[in-house]
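Data block below; observations after.
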Amino acid sequence: MWYKKLHWQIVLGMVLGVVFALVMVQFSWGPEFVSDWIKPFGTIFINALKLIAVPLILASLIKGVSDLKDLSSLSKMGGKTIALYLITTTIAVTIGLVVVNTLKPGASISEETRNELLESYKGEADARISDARRQMETGPLQALEDLVPDNIFAAASNNRNMLQVIFFAIIFGIGLIMIPEAKAKPVKDFFDSFNDVILKLIDLIMKTAPYGVFALLAALIVEAPTADLFVALGFYALCVVIGLALMVVIYVLIASVYAKKSPAFFLNAISPAQLLAFSTSSSAATLPVTMERVEDHLGVDEEVSSFVLPIGATINMDGTSLYQAVAAVFIAQAFGMDLTLGAQLGIILTATLASIGSAAVPGAGMVMLVIVLAQAGIPEAGLALIFAVDRPLDMCRTTINVTGDATVALTVAASEGKLHDPVAED
Ligand code: ASP
């Protein structure tokens, strides 16, 4: 029965959440009711997902790495993963640039609308700009330095330190490979069982997903700024969405060429993760579900998924990079600037790096966009132009970010011969 499928239940939750919020905003007390009595359930749902992200990475990555026969397979897989992440991100930025240069959404913004937008969202834009400045002040090797935590408990106590936890889990797994098997066994068995417990918890949390997304979307709708300016940005938003849709085409092509998986199978398998990414705007919060879907429904072995997906959630953001490219050129167009080919090529590089540096949380891509603007000599204040539609676009780009991670996991698994029959039907 179609309605028994999780993704339809989630879609139903989303639609009902939107309808409910639209009804509630008709009453003077409605928005407050939603904020006080509905929104907390959405927050609880996201918190529950985030709660298991760090234990999941630790358990599954330690198990995944230690299951590898030797270190050379780890480095081979690592090389392929990073290469594929870079290639897909570069494709995404390029698609973004082609779409925005062809359709020229910025040219349709009148000077009056531009000034109105600049004025209305100046405060919000300034806050993002100073956030980005703080990041730009750090040295060139800061990212590398940040990779190695000085205290694992401190690292594991902050969801933003996901890469540090990944680093620890990988070296711990390597340590396990390098000691005699008899000694490693109890530790491996422990993480094996620990991992099973976490997977069971994901199952339980996902049972509440339709209710969680109902609350999330209802809260989002009642809190959305009532912007008439929203409409002026429709064409720009459409360009981002067209670019993102083209990325989906690329993904299904990759899945069918390299992993021989049909588009319907691929999209059906990962759709709950996509819907959650859309509802939460956070690749990190979606990670537990992405891992479960990729392993059980796409049939990727855990050795691959436990390595590829946590890294992907933190550094591989195709949707974000595409959005940054479109947004940067849109702002330039709205200011009447002509970007040279050199500047556009520069955007390919900076948007790739900026998306890698974006945290997997809502709104992070917009902060890092400041860096892309600064490098291309586009006025940073232009951030105010796109603020009004950032949240819906964040929902869309996060969906693509997660789809990109799943595609790379599938491709790496196929190339390593590490695909199995999916264990779950829905
Ligand atoms: N929200 C996105 C993510 O979590 C990042 C972004 O803001 O683009 O993947």
Side-chain angles (χ1 to χ4, degrees), residues 42 45-47 49-50 53-54 57 85 88-89 92-93 95-96 124-125 127-129 131-132 135 158-163 166 213 216-217 220 236-237 239-241 243-244 247-248 251 270 273-291 293-294 308-328 330-331 347 350-373 383 386-409:
F45 176 63
I46 296 200
N47 284 353
L49 284 171
K50 288 186 183 161
V54 166
I57 293 177
Y85 280 156
T88 47
T89 305
V93 185
I95 289 183
E124 285 90 345
R128 304 299 181 289
I129 293 168
D131 267 5
Q135 301 210 27
N158 184 345
N159 283 340
R160 284 192 171 248
N161 291 339
M162 218 82 108
L163 278 180
I166 292 172
V213 295
L216 286 171
L217 284 219
L220 216 67
Y236 151 72
C239 289
V240 176
V241 172
L244 295 177
M247 275 315 284
V248 177
Y251 294 142
I270 57 162
Q274 292 175 312
L275 292 166
L276 272 199
F278 185 80
S279 309
T280 60
S281 289
S282 168
S283 311
T286 313
L287 178 66
V289 182
T290 318
M291 292 187 61
R293 298 306 296 189
V294 167
V308 176
L309 293 173
I311 296 178
T314 26
I315 68 166
N316 180 50
M317 301 206 179
D318 300 343
T320 300
S321 66
L322 185 147
Y323 144 85
Q324 286 168 338
V326 176
F330 167 77
I331 294 170
I347 289 178
T350 50
T352 302
L353 294 176
S355 68
I356 291 174
S358 300
V361 296
M366 193 183 204
V367 173
M368 297 305 275
L369 171 62
V370 175
I371 296 174
V372 181
L373 296 177
L383 216 58
I386 54 164
F387 197 85
V389 286
D390 196 63
R391 182 61 195 230
L393 292 183
D394 193 3
M395 297 162 81
C396 300
R397 66 186 186 246
T398 309
T399 309
I400 298 304
N401 290 345
V402 167
T403 313
D405 299 340
T407 309
V408 171

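All residue numbers in this chain count up from 1 along the given sequence. Owing to the predicted nature of the structure, the values given are computational and were not obtained by experimental measurement. Order of appearance sets the numbers: ligands from 1, and atoms from 1 within every ligand.
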Side-chain ion pair, Arg391 and Asp394, N-O less than 4.0 Å:
no

Non-hydrogen side-chain atoms of Val370 and Leu383 separated by less than 4.5 Å
yes

Protein residues that have a heavy atom under 4.0 Å from any atom of ligand 1, sorted by chain and number:
Ser281, Ser282, Ser283, Met317, Thr320, Ala359, Ala360, Val361, Pro362, Gly363, Ala364, Gly365, Asp394, Arg397, Thr398, Asn401

Quick test of your reading of the model: are Asp390 and Arg128 salt-bridged, counting only N-O distances below 4.0 Å?
no

Taking Ser282 for the side chain and Ala360 for the main chain, is one N or O donor matched with an acceptor at less than 3.5 Å?
yes

Check: Val241 main-chain N/O paired with Tyr323 side-chain donor or acceptor under 3.5 Å
no

Of Val93, Thr89, Leu244, the one forming a side chain to side chain contact (heavy atoms under 4.5 Å, CB included) with Leu322 is Leu244

